[in-house]
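Just so it is clear, the values below take in all heavy atoms, side chains as well, and ignore hydrogens, waters and symmetry mates. The chains referred to below are lettered A, B, ... by the order of the sequence lines, with proteins before strands, and numbering in each begins at 1.
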Amino acid sequence: MKLRTLIPVIYILFLLLPIYWLVAMSFKTTNEILGGFSLFPQRFTLENYQTILTDPTWYWGYINSIIYASLNTVISLLAALPAAYAFSRYRFLGDKHLFFWLLTNRMAPVAVFALPFFQLYSAVGLFDTHLAVALAHCLFNIPLAVWILEGFMSSVPKELDETAYVDGYSFPRFFVTIFFPSIKSGIGVAAFFCFMFSWVELLLAKTLTAVAAKPIAATMTRTASSAGYELGLLAAAGVLTIVPGAIVIYFVRNYIAKGFALGRV
Amino acid sequence: MKKHSQRAWLFVLPVVLLVAFNALIPLMTVINYSVQETFGNNQFFWAGLRWFEEILQSERFHAALARQFLFTFTILIIEVPLGVIIALSMPRRGLGVSVCLVLMALPLLIPWNVVGAMWNIFTLPKIGLLGWVMNNLLGISYNMTVSPVAAWITVIIMDVWHWTSLVVLLAFAGLISIPDAYYQAARIDGASNWAVFRYIQLPKMKRVLTIAVLLRFMDSFNIYTEPFVLTGGGPGNSTTLLSIDLVKVALGQFDLGPAAAMSLIYFVITLAVSWMFYTLMTRNES
């Protein structure tokens, strides 16, 4: 029994160590960081955070990332909901092949597509917009959303649909007022994973933006090369990138585990 | 029974259009480049299958591919059993579950370049916690920029740190779906812990574990940002995985033709291995 409680504790400590180091650094000045090794900040400073929260080039990075990740979540869910319904309720020509084809897009190495994506979105005039990144991230988020939602929908008995039609519900009204609430947790999980994968992806987001929609991750890499090594500042920026995800995960913690358990392969 | 209906295609149409826009048009661009040679001023010349032949015979590609397979299989062998062990030893109910889930999911939510940067500063010999402890406290010489072995170990530990939680979440989801009655029956029969694991827990986790293996295979095979930020592919070429090599060819040397051909070969390999996993899993299910 002792070992059983020890394993998760050790694992969590292992996870938190590098994060602690980042947080500790974010409260140090760059001089202190480069000056030598110390476990705790010797001269505790909030200067790094102050810089980020008052400088528009910094905080717009966060706003841009939040905008395109949210936009991607909305688009992915709106498209995936009817598709997942079709996969869970009907047989149709090529359904299995279509499902596998969707999955293959999660397998596509993003590095492969970076350059063609740049050309495609430049050609349609969407380069450097939030919409471009949101649409591009659909490549790997829609298959995942369909996968998760289909699992949740399949666990809702089909009798629910039939009873509703007998009661005279039209399809859209049934979908919104009856079906929607019964897969609420599935929508939560799918939304979480879409937001998460859009939030953490950098290669496409960086390729498709220049100034107006520049993601925070790109701001960080560009600052790193232009301003020398502002380690304290970078650490603070890194810490702040963890915050939105942590907030989201707190709200959906009870559903995350369930989300994949119901999914099909 | 599911109803047969071709009208279902209407429901699927938005997804098909969106994904096709993102997948097919860039894919066609890549195919188009892969059979041509480029010079400046947007001049293109027909090259046929030359790039494919060159890449398939090049030692550089073989080396990158070998490193990629070594990396992917190493992390699968570590992350999947480790994830299962951690999921098995997690509390099943109460406050402990929420605390574990939230803390364990943290690494999944950190942007990939931040993950790389974080591990970079964590392992710096003079100012990083791990680097300092190894070099100054334990007296083990550890420097990623010099030693390929250290670089490899660090890249693998970073991936274990980053993604084991995904396996934990999935395995845990499988575990909590087992009704208590199963365990009670096992206790009455006097089953050992191993028997409970082998005949009750493992079969129930099989489905989610196959998802875990598939997701981890696909994502680790395509990994780019984290190792690139951590080691830049070095020292030398020792941690240059397939995606890093590809971007070096495509953007560094601006050889669009060979890069495109390499992309296609890469995609086909990923597809083939994933398809193998997929059919193995669905065959067992039906």
Side-chain angles (χ1 to χ4, degrees), chain A residues 4 7-8 11-12 15 17-19 21-22 25 33 37 79-80 82-83 85-86 89-93 98 102 104-113 115-117 119-120 136 138-139 142 146 196 199-200 202-203 217 221 234 238 241-242 245-246 249-250 253 256-258 260-261 263 265, chain B residues 2-6 8-9 11-12 14-15 18-19 22-23 25-26 29-30 85-86 89-90 98 100-103 105-114 117-119 122 127 129 132 161 169-170 172-174 177 208 210-211 218 222 224-225 243 246-247 250 263 266-267 270-271 274 281:
Chain A
R4 265 196 68 167
I7 291 174
Y11 178 61
I12 287 172
L15 293 185
L17 267 181
I19 297 179
W21 201 241
L22 193 72
M25 250 183 186
I33 297 170
F37 181 84
Y85 184 79
R89 291 296 192 255
Y90 300 112
R91 284 188 174 284
F92 51 95
L93 193 66
L98 189 65
L102 283 178
T104 61
N105 293 299
R106 250 207 91 80
M107 299 165 202
V110 171
V112 169
F113 285 112
L115 192 65
F117 261 101
Q119 293 172 321
L120 173 63
C138 284
L139 177 72
I142 281 187
V146 172
M196 169 194 140
W199 177 258
V200 296
L202 172 67
L203 196 60
T221 50
L234 282 177
T241 62
I242 308 178
I249 203 163
Y250 180 77
R253 65 189 181 283
I256 297 164
K258 253 185 259 166
F260 276 104
V265 167
Chain B
K2 287 180 187 178
K3 269 188 289 188
H4 278 265
S5 165
Q6 303 309 334
W9 264 98
F11 289 131
V12 190
V15 162
L18 264 172
V19 177
N22 277 315
I25 298 174
T29 318
V30 173
I85 291 171
I86 292 164
S89 47
M90 262 172 72
S98 298
C100 280
L101 286 179
V102 172
L103 289 177
L106 268 181
L108 300 174
L109 287 148
I110 302 175
W112 294 344
N113 68 318
V114 178
M118 193 175 181
W119 274 85
F122 188 58
I127 55 172
L129 183 58
W132 189 84
W161 177 88
L169 289 185
L170 290 167
F172 185 70
S177 71
V208 281
T210 46
I211 300 178
M218 297 189 297
N222 298 340
Y224 171 75
T225 310
S243 276
L246 180 71
V247 174
S263 303
Y266 186 3
F267 190 30
T270 322
L271 213 60
S274 302
M281 284 157 7

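Residue B/Ile25 holds its CD1 atom at 9.5 Å from CZ of A/Phe117, rounded to the nearest 0.5 Å. Note: B/Ile127 CD1 to A/Trp21 CH2 = 8.5 Å, rounded to the nearest 0.5 Å.
Residue contact with chain B, scored on non-hydrogen atoms closer than 4.5 Å, involves the side chain of A/Leu98 exclusively. The contact between A/Leu102 and chain B is made entirely by side chain atoms (from C-beta outward), counting heavy-atom distances below 4.5 Å. In this structure, the portion of A/Tyr11 lying under 4.5 Å from any heavy atom of chain B is its side chain and not its backbone. The part of A/Leu120 that comes within reach of chain B is its side chain, from C-beta onward, which places non-hydrogen atoms under 4.5 angstrom from that chain. Using a 4.5 Å cut-off between heavy atoms, B/Ile86 contacts chain A through both its backbone and its side chain. Both the backbone and the side chain of B/Val12 come within less than 4.5 Å of a heavy atom of chain A. With a threshold of 4.5 angstrom between heavy atoms, B/Leu103 approaches chain A through its backbone and through its side chain.
Nearest heavy atoms, A/Pro8 versus B/Ser89: CG-O, 3.4 Å. B/Phe11 and A/Pro82 get closest at one heavy-atom pair: CB-O, 3.4 Å. Scanning all heavy atoms of the two residues, the minimum distance from B/Pro111 to A/Thr241 falls at CD-OG1, 3.5 Å. Considering every non-hydrogen atom in both B/Trp161 and A/Leu15, the closest pair reads NE1-O, 2.9 Å. Between B/Ala105 and A/Ile249, the shortest heavy-atom distance links the atoms CB-CD1, 2.5 Å. Annotation for B/Leu106 and A/Ala246: closest pair CD2-CB, 4.0 Å, computed over non-hydrogen atoms.
B/Trp9 places a side-chain N or O within donor-acceptor distance of the main-chain N or O of A/Leu93, the cut-off being under 3.5 Å.
Side-chain contact between B/Tyr224 and A/Leu202 is absent, with no heavy-atom pair separated by less than 4.5 Å. Annotation: side chain of B/Leu109 is not in contact with side chain of A/Ile242 (no heavy-atom distance under 4.5 Å). Using a 4.5 Å heavy-atom threshold, the side chains of B/Ile110 and A/Val200 count as separate. B/Ser274 has its side chain out of reach of A/Thr104: every pair of non-hydrogen atoms, C-beta onward, lies at least 4.5 Å apart.
Partners of B/Asn22 under the side-chain hydrogen bond (donor to acceptor under 3.5 Å, both in side chains) rule, at least two apart in sequence or in another chain, are A/Tyr121.
When the candidates B/Ala23, B/Pro14, B/Pro26 are compared by the number of heavy-atom contacts under 4.5 Å with chain A, B/Pro26 comes out ahead. Each of B/Asn113, B/Thr270, B/Thr29 has some count of heavy-atom pairs under 4.5 Å with chain A, and the biggest count is that of B/Asn113. Interface remark: of the candidates B/Val102, B/Leu108, B/Thr225, B/Leu129, B/Leu129 forms the most heavy-atom pairs closer than 4.5 Å to chain A. Contact count against chain B (heavy-atom pairs under 4.5 Å) is highest for A/Pro18 among A/Pro18, A/Ala217, A/Gly245, A/Gly238.
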